[in-house]
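No experiment lies behind these values; they were computed from the predicted model shown. The chain is numbered in sequence order, starting from 1.
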Amino acid sequence: LKTGDARGEFENSTSGEISLSIGAGNAGGGNFVVGAGYSYTPIGDGGSIKLTAGMADYTSGGDIVLEAGVGRNGGKLHDIYKASGGSVIIHAGETLSSNWSAADAGNIVLAGGAALASSGGIVSITGGSSALGLGGDLELIGGYSDLADSGRVIITTANGGLLGSSGMVNITTGGSSLGDTGRILLNTGTASGGAAGEIRLSIGDSDTGFGGQLYMKAGKTSDEFGAGGDLVLLGGEGTNNIGGRG
């Protein structure tokens, strides 16, 4: 399917649109299914599905928008009519072979666009907002394994360029006008058959100027009767009455 080009004598015209839509139904809307071809030979991959937005010579390129449907209850009060909005699910392909030398499951890659002279594109992942309820969570969870290690969660900035610094990792909770602000918790998991994992805070080495500082500061308060926050360092307890050193 392709529409005709709009160029030449019509300077401000746009090319045609292709619209594929499913009709409404009183017992459920119809599905829109796009499937690539299956490969049943050992030498060919399955077919791909490619969505490419349009390029522009002088303005911005086109967007690709994936938006789930809105859930409306039509003013009904009964629980059966409480409709949720649809989910956007992006799921990489599985690998079904039990052979240890089999290929890994598919990856999901989210990458901002590259730029020549301006800044690279931002990858922004935000939990949903709510007018009356709680805002949506943002969870980053490494994958589970029945036998081996679970997957890691790695947050790393890229190396700095020839004249620039490497990027900053900034973990900050949101502000609050009436309630408390959120906490930042760094916890390793409990181990039932081994040692619990470590938490290490370390500063990189320098070859010019001073070494980097490790700065820890408890919070202050403007409350007339309140006390500033404590800075507490405690060594771990031991079952043989020998505790860790602080």
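- The minimum heavy-atom distance between Ala92 and Asn107, with the atom names listed, is CB-O, 3.8 Å.
- Distance check, rounded to the nearest 0.5 Å: CG of Leu201 to CD1 of Ile199 gives 7.5 Å.
- Residue Leu134 places its CG atom among 12 or fewer non-hydrogen atoms of other residues, nucleotides or ligands, all under 6.0 Å distant.
- How far CG of Asn187 is from CG of Leu185: 5.5 Å, rounded to the nearest 0.5 Å.
- No path of Ile, Leu, Val, Met, Phe, Trp and Tyr side chains, each step under 4.5 Å between heavy atoms, connects Leu140 with Ile154, placing them in separate hydrophobic clusters.
- Cluster annotation: Ile203 is not connected to Met216 through the hydrophobic network of ILVMFWY side chains, with a link wherever side-chain heavy atoms come within less than 4.5 Å.
- Inter-residue side-chain proximity for Thr181 and Ser176 is flagged as met; some heavy-atom pair is nearer than 4.5 Å.
- Nearest heavy-atom pair across Ile184 and Thr173 is CG1-CG2, 3.6 Å.
- Within the model, atoms CG of Asn31 and CD1 of Ile22 stand 8.0 Å from one another, a figure rounded to the nearest 0.5 Å.
- A pairwise comparison of heavy atoms in Ser206 and Gly211 identifies OG-CA, 3.9 Å as the closest pair.
- Taking all atoms of both residues into account, the shortest heavy-atom contact from Ala196 to Ala191 is N-CB, 3.8 Å.
- Distance CG/Leu231 to NZ/Lys217: 11.0 Å, rounded to 0.5 Å.
- Ile141 and Val153 sit in two unconnected hydrophobic clusters of ILVMFWY residues. Membership requires side-chain heavy atoms under 4.5 Å apart, directly or through other members.
- Taking every heavy atom of both residues into account, Gly46 and Ser39 meet most closely at N-CB, 4.0 Å.
- Residues Leu110 and Ile125 have side chains in contact (heavy-atom distance under 4.5 Å, counting atoms from C-beta outward).
- Residues Ala158 and Ser166 approach most closely at O-CB, 3.4 Å, considering heavy atoms.
- The neighbour count for Asp223 CG, taken as heavy atoms of other residues, nucleotides or ligands under 6.0 Å away, is above 12.
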